[in-house]
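Keep in mind it's a predicted model, so treat the numbers as computed, not measured.
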Number of protein chains: 2
Amino acid sequence: MGRWQPGAQGRLQQAAMELITERGYDRVTVAEIAERAGLTERTFFRHFADKREALFAGQDQFGESILAGLAAAPPDVSPLEAAVRGVEAAGTWLDDERRPGARARQAVIDAHPELQERELIKLARVSAAMAAALRDRGVDEGEAVLAADAGMAVFRLAFTRWVADDGEHDLPWHVRSALEVLRAVVG
Amino acid sequence: MGRWQPGAQGRLQQAAMELITERGYDRVTVAEIAERAGLTERTFFRHFADKREALFAGQDQFGESILAGLAAAPPDVSPLEAAVRGVEAAGTWLDDERRPGARARQAVIDAHPELQERELIKLARVSAAMAAALRDRGVDEGEAVLAADAGMAVFRLAFTRWVADDGEHDLPWHVRSALEVLRAVVG
DNA sequence: ACGGTCGATGTCAGCCGCTGACATCGGCGG
DNA sequence: CCGCCGATGTCAGCGGCTGACATCGACCGT
């Protein structure tokens, strides 16, 4: 056995989630999170760039699965369809097993503006990456940006409904459903 | 003449903008901003909730002009058209005279992630307010959200192009232009 | 004119997020 | 067995932000 318990980062994430759900984000200090994880405040900041980030680790995989899904779309589909294939792929990553965790996490985020800010910029960066990928496929700049933003808007509505949903439909289903709503609104 | 020079808030905003463009956001302290404005750090925080907010005061008017524009749209236009009328109205508020200021401000924001976060949540709140206004008009929940988000996406693209534009077109023109792009992408 | 209230500001102490610099110490390769 | 490496601890310190209390000119009513 090593000098340290393994899984420091995971323990920090879990401790953060627990304490924040118990007391609320701003009534928990980083030192307390670290203490519950058996570490020091300084070590917390070696694993996460700031306090908020402890709740957003793993989001990278989410963004990558979207980009992979977009890249896997045939070259002849429309830009919007390609973007939707991306968020649909993320929908298979967020399967039913992850729904309770996603729900709890979203409740925490919805209750704290500073966490909403962080989530928004993460989504905006994914959207920008989608737009860049579409441009690389030869899509015009403006169309790429709007297709990516529209795809992300579809995802957000789908995700909201999936989180509120009691297991009747999976996330890809909600994505397709939201896409139909978008078509009705714009078309 | 009063005990204090008038326009404290405006002086703080100007001082913040100057110092940040000179040195960059994170190399300026609130105490320095306050000092240049002839005030103390504590007073800064009586005018602004936090350091970032000094660069976002006046945004309320922007959001209100959007909502006013939306409310002024005839009841028989489509939800998306109503949302676009809103952002178009904001486009008349951001006239040619304000373009240099908007450009400088946007350059500062683009250079600092924490400011981007703040901008994103402000736009998200305006979008949520637009969606609520559309719901009040009798629009279905999902359609309202997507129409508002789509309208905001159109605005963001239009604003980006307007800022980069050398005065050839005004913002409402860019809004209509971006809307056509959206229709091409989704339709 | 006077006294009292009000409101914007100043002052001060203090918490917390976050960082740089340096020390510690077990694991592991040579 | 030695020495390097890497995760962690320790410590000092800055800057954002807040609560509590003091200050003092303006304004209002008498």
Side-chain angles (χ1 to χ4, degrees), chain A residues 1-57 108-109 111-119 121-122, chain B residues 1-57 108-109 111-119 121-122:
Chain A
M1 199 157 87
R3 182 178 173 193
W4 309 283
Q5 304 295 326
Q9 183 154 338
R11 263 152 47 218
L12 285 167
Q13 289 180 50
Q14 188 180 341
M17 193 62 189
E18 288 173 9
L19 285 169
I20 290 170
T21 46
E22 288 172 13
R23 279 189 248 161
Y25 179 79
D26 31 8
R27 292 191 172 181
V28 176
T29 71
V30 173
E32 290 169 335
I33 296 171
E35 187 187 3
R36 177 167 296 199
L39 296 167
T40 65
E41 183 186 19
R42 190 64 182 90
T43 299
F44 177 98
F45 287 110
R46 289 199 177 96
H47 286 279
F48 304 105
D50 56 46
K51 184 182 173 186
R52 307 174 193 175
E53 208 61 23
L55 290 170
F56 290 90
V108 170
I109 293 174
H112 299 286
E114 52 253 81
L115 297 177
Q116 295 168 34
E117 290 190 345
R118 181 56 47 88
E119 178 171 55
I121 199 173
K122 297 246 175 195
Chain B
M1 199 160 83
R3 183 180 172 191
W4 309 282
Q5 304 296 323
Q9 183 153 339
R11 263 153 45 220
L12 285 167
Q13 290 180 49
Q14 188 179 345
M17 191 63 188
E18 289 174 8
L19 286 169
I20 290 171
T21 47
E22 288 171 13
R23 278 189 249 161
Y25 180 79
D26 31 7
R27 293 192 171 180
V28 175
T29 71
V30 172
E32 289 169 335
I33 296 171
E35 187 187 5
R36 178 167 298 198
L39 296 166
T40 65
E41 183 187 19
R42 190 65 181 88
T43 299
F44 177 97
F45 287 109
R46 288 200 178 95
H47 286 280
F48 304 104
D50 56 46
K51 184 182 173 186
R52 308 174 193 175
E53 209 61 21
L55 290 170
F56 289 88
V108 170
I109 293 173
H112 300 284
E114 54 251 83
L115 298 176
Q116 295 168 33
E117 290 190 346
R118 181 56 48 87
E119 179 170 56
I121 200 172
K122 296 248 175 194

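For the contact set between residues 14-30 of chain B and DNA chain C, defined by any heavy atom under 4.0 Å, there are no members.
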For residues 6-16 of chain A, please give each side-chain donor-acceptor pair under 3.5 Å, one per line with the distance, not counting sequence neighbours.
| unit_1 | atom_1 | unit_2 | atom_2 | d |
| --- | --- | --- | --- | --- |
| A/Gln9 | OE1 | A/His47 | ND1 | 3.3 |
| A/Arg11 | NE | A/Ala37 | O | 3.2 |
| A/Arg11 | NH1 | A/Gln5 | O | 3.1 |
| A/Arg11 | NH1 | A/Pro6 | O | 3.0 |
| A/Arg11 | NH2 | A/Ala37 | O | 2.9 |
| A/Gln14 | NE2 | A/Glu18 | OE2 | 3.2 |

Just distance, no hydrogens or angles: give the donor-acceptor pairs under 3.5 Å from side chains in residues 27-35 of chain A, sequence neighbours left out.
| unit_1 | atom_1 | unit_2 | atom_2 | d |
| --- | --- | --- | --- | --- |
| A/Thr29 | OG1 | A/Glu32 | N | 3.1 |
| A/Glu32 | OE1 | A/Arg23 | NH1 | 3.0 |
| A/Glu32 | OE1 | A/Thr29 | N | 2.9 |
| A/Glu32 | OE2 | A/Arg23 | NH1 | 3.3 |

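Look at CD on B/Glu117: it is 15 Å from C1' on D/dG16, rounded to the nearest Å. In this structure, CD of B/Glu114 is placed 17 Å from P of C/dG17, rounded to the nearest angstrom. Rounded to whole Å, the distance from CG on B/Asp50 to C1' on C/dC16 is 15 Å. To the nearest angstrom, P of C/dC18 lies 13 Å from NZ of B/Lys51. Nucleotide C/dC16 holds its P atom 18 Å from the CZ atom of A/Arg52, rounded to whole Å. Regarding A/Phe48, its CZ atom lies at a distance of 14 Å from the P atom of C/dT19, rounded to whole Å. The distance from atom CZ of A/Phe45 to atom C1' of D/dC11 is 16 Å, rounded to the nearest whole Å. Rounded to whole Å, atom C1' of D/dC14 lies 12 Å from atom CD of B/Glu32.
Counting heavy atoms from C-beta outward, A/Phe44 and A/Leu39 have side chains that stay 4.5 Å or more apart.
The distance from atom CZ of A/Phe48 to atom OG1 of A/Thr43, rounded to the nearest 0.5 Å, is 11.5 Å. Atom NE2 of A/His112 sits about 13.0 Å away from atom CD of A/Glu119, to the nearest 0.5 Å.
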Atom pairs, protein N/O to nucleotides 7-10 of chain D N/O, distance under 3.5 Å:
| unit_1 | atom_1 | unit_2 | atom_2 | d |
| --- | --- | --- | --- | --- |
| D/dT8 | OP2 | A/His47 | NE2 | 2.7 |
| D/dG9 | OP2 | A/Thr40 | N | 3.1 |
| D/dG9 | OP2 | A/Thr40 | OG1 | 2.8 |
| D/dG9 | OP2 | A/Thr43 | OG1 | 2.5 |
| D/dG9 | N7 | A/Arg46 | NH1 | 3.2 |
| D/dG9 | O6 | A/Arg46 | NH2 | 2.5 |

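Scored by the salt bridge (Lys or Arg N to Asp or Glu O under 4.0 Å) test, B/Glu53 finds B/Arg118, B/Lys122 as partners (sequence neighbours excluded). Remark: A/Thr21 pairs with no residue by the side chain to side chain donor-acceptor pair (under 3.5 Å) rule, at least two apart or across chains.
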### Task
List the steps and the verdict of side-chain contact (heavy atoms from CB on, under 4.5 Å) for B/Leu55 and B/Ile109.
CA-CA 9 Å; B/Leu55 290 170; B/Ile109 293 173; 5.6 Å; no
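Distance alone, capped at 3.5 Å, places no donor-acceptor pair between the A/Lys51 side chain and the A/Asp26 backbone.
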